[in-house]
Amino acid sequence: KRFEEGFARFVHTPYSVSCSNGTTALHLAILALEISEGDEVIVPDLTFAASANAVIHAGADPVFVDVSPEHWTIDPAKIEAAITPKTKAIMPVHLYGHPCDMDPIMEIARKHKLFVIEDCAESIGAQYNGLATGSIGHIGCFSFFSNKVLTTGEGGMCVTADRDIAQKMQQLRDHGMSRNKRYWHEIVGYNYRITNLQAAIGVAQLEQLELFLANRRIIAKRYSEELRNIPGVGLPPEMSWAKNIYWLYAVILDEEQAGISKDALMKSLEREGIETRPFFYPLHVQPCYKGHNQESYPVTERLSRFGFNLPTSNDTTLEEITRVCEALRRII
Ligand SMILES: *Cc1c(COP(=O)(O)O)cnc(C)c1O
């Protein structure tokens, strides 16, 4: 209760429902909105697989939409073309800590009577026009896996302003048990609970969250200063309406300008003991989602091909950043 209440205060939402991880948070959200077989949910092509998996776990189909070249998150201008009579929801994913362009997404959702489920696994504390990600759509879903900004090892949270939806998610999380009658089950539920032990860690993490977020901004600022003059290294976006929390500091390599391929550059860095991560592969090319692709996804394909993440954590030091950037400059 303390973790849930503290979290709801942080995101400025009336209700929060804790759960076992970020994927179960998304699954609970989809189930609570009664999205099931025969329904479609719009998901960006550039995201971690769990966004699409949660839709499929509920029996529904993800429909992939390309992302924007400006901010790398779902392109609102391409959403309407993907809407069909089966569409029930849009799932914007705030990628690598940068929020989606929520106003046009909410406008499209209102016009077509769709729900909006925000995947905030990578965006705790990020803001869209001053509003916390997770507080804008019908439900916001967070992950507290060990690589996320706030962690409980494994853990998740759904936030919403709708009391009925919150109660539905609580019931689904706790074996579908009636809230008023013990051992009485009107629906088949799940065991998606977080443990008290994890929640206790979450409470302690919440006390430090502002510090974590401030560190992320300092880390990103230093990376951007040091990388600005290295040829071929494109810096991560921060739109005028956005507060990016830089879950992972992300760069796009112009291989021609840099005179080296992304793979070769990542390998050279690895030889110096510097770990980097490639961007996610487009979901539409993955074997497990065959049949879900719409048409073409040129922006996702380009970002996925040339994008990679530099070392970023709550306690990355400025010395470490300097070492990474010196290596990058030397190799390029
Ligand atoms: C981490 C992540 C998830 C899944 O969270 P888990 O806690 O690992 O289940 C979902 N979506 C995105 C975008 C993520 O980065």
Side-chain angles (χ1 to χ4, degrees), residues 1-39 41 50-51 53-60 87-94 102 105-106 109-110 113-121 123-124 131-144 150 152 154-200 202-203 206:
K1 204 166 185 67
R2 265 179 70 191
F3 185 36
E4 286 182 337
E5 285 172 2
F7 198 85
R9 259 195 310 280
F10 179 80
V11 185
H12 294 287
T13 48
Y15 305 101
S16 59
V17 179
S18 58
C19 57
S20 51
N21 59 61
T23 312
T24 55
L26 291 168
H27 193 199
L28 284 174
I30 294 163
L31 293 168
L33 299 174
E34 295 178 354
I35 294 166
S36 62
E37 206 178 326
D39 296 334
V41 177
S51 314
N53 289 348
V55 175
I56 295 172
H57 292 329
T87 310
K88 289 282 150 52
I90 306 168
M91 184 190 289
V93 181
H94 309 295
M102 291 304 293
I105 295 171
M106 296 309 294
R110 260 190 296 277
K113 299 191 165 46
L114 306 175
F115 292 112
V116 173
I117 301 164
E118 294 177 64
D119 183 340
C120 309
S123 74
I124 186 169
L131 296 174
T133 57
S135 69
I136 303 164
H138 297 85
I139 306 177
C141 301
F142 293 81
S143 162
F144 311 126
L150 184 148
T152 58
E154 295 271 11
M157 191 80 77
C158 298
V159 299
T160 182
D162 186 310
R163 189 165 138 263
D164 293 340
I165 290 175
Q167 291 184 348
K168 190 83 187 282
M169 292 192 294
Q170 281 167 348
Q171 193 179 5
L172 285 160
R173 173 192 63 186
D174 295 329
H175 300 288
M177 200 183 327
S178 162
R179 294 179 62 251
N180 311 312
K181 193 167 163 182
R182 186 165 283 267
Y183 304 133
W184 190 253
H185 302 262
E186 279 146 7
I187 51 173
V188 177
Y190 300 80
N191 173 2
Y192 279 175
R193 290 173 304 220
I194 196 170
T195 64
N196 280 332
L197 203 59
Q198 290 166 314
V203 168
L206 270 181

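What's counted below: heavy atoms across the whole structure, side chains too, no hydrogens, waters or symmetry copies.
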Practice item. Count the heavy atoms belonging to other residues, nucleotides or ligands that lie under 6.0 Å from CZ of R110, then report whether that count exceeds 12. Key: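 Atom CZ in R110 is packed in, count exceeds 12.
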Check your understanding: Crowded around E34 CD? As in, over 12 foreign heavy atoms under 6.0 Å?
Key -> no
Review point. Can we call the ring centroids of F10 and F142 under 6.0 Å apart?
Key: no
Checking the side chain of [X] only, and the main-chain atoms of [Y] only, is there a donor and an acceptor separated by less than 3.5 Å?
X    : Y    : answer
D162 : I165 : yes
E154 : S20  : no
E118 : H94  : no

Within-4.5 Å side-chain heavy-atom neighbours: [X] and [Y]:
X    : Y    : result
I30  : H57  : no
R163 : P14  : no
Q198 : R193 : no
V159 : S16  : yes
M102 : V116 : yes

Practice item. For the pair H27 and Y192, name the ring-plane relationship: parallel under 30°, tilted 30 to 60°, perpendicular over 60°. Key: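 Aromatic pair H27/Y192 classed tilted.
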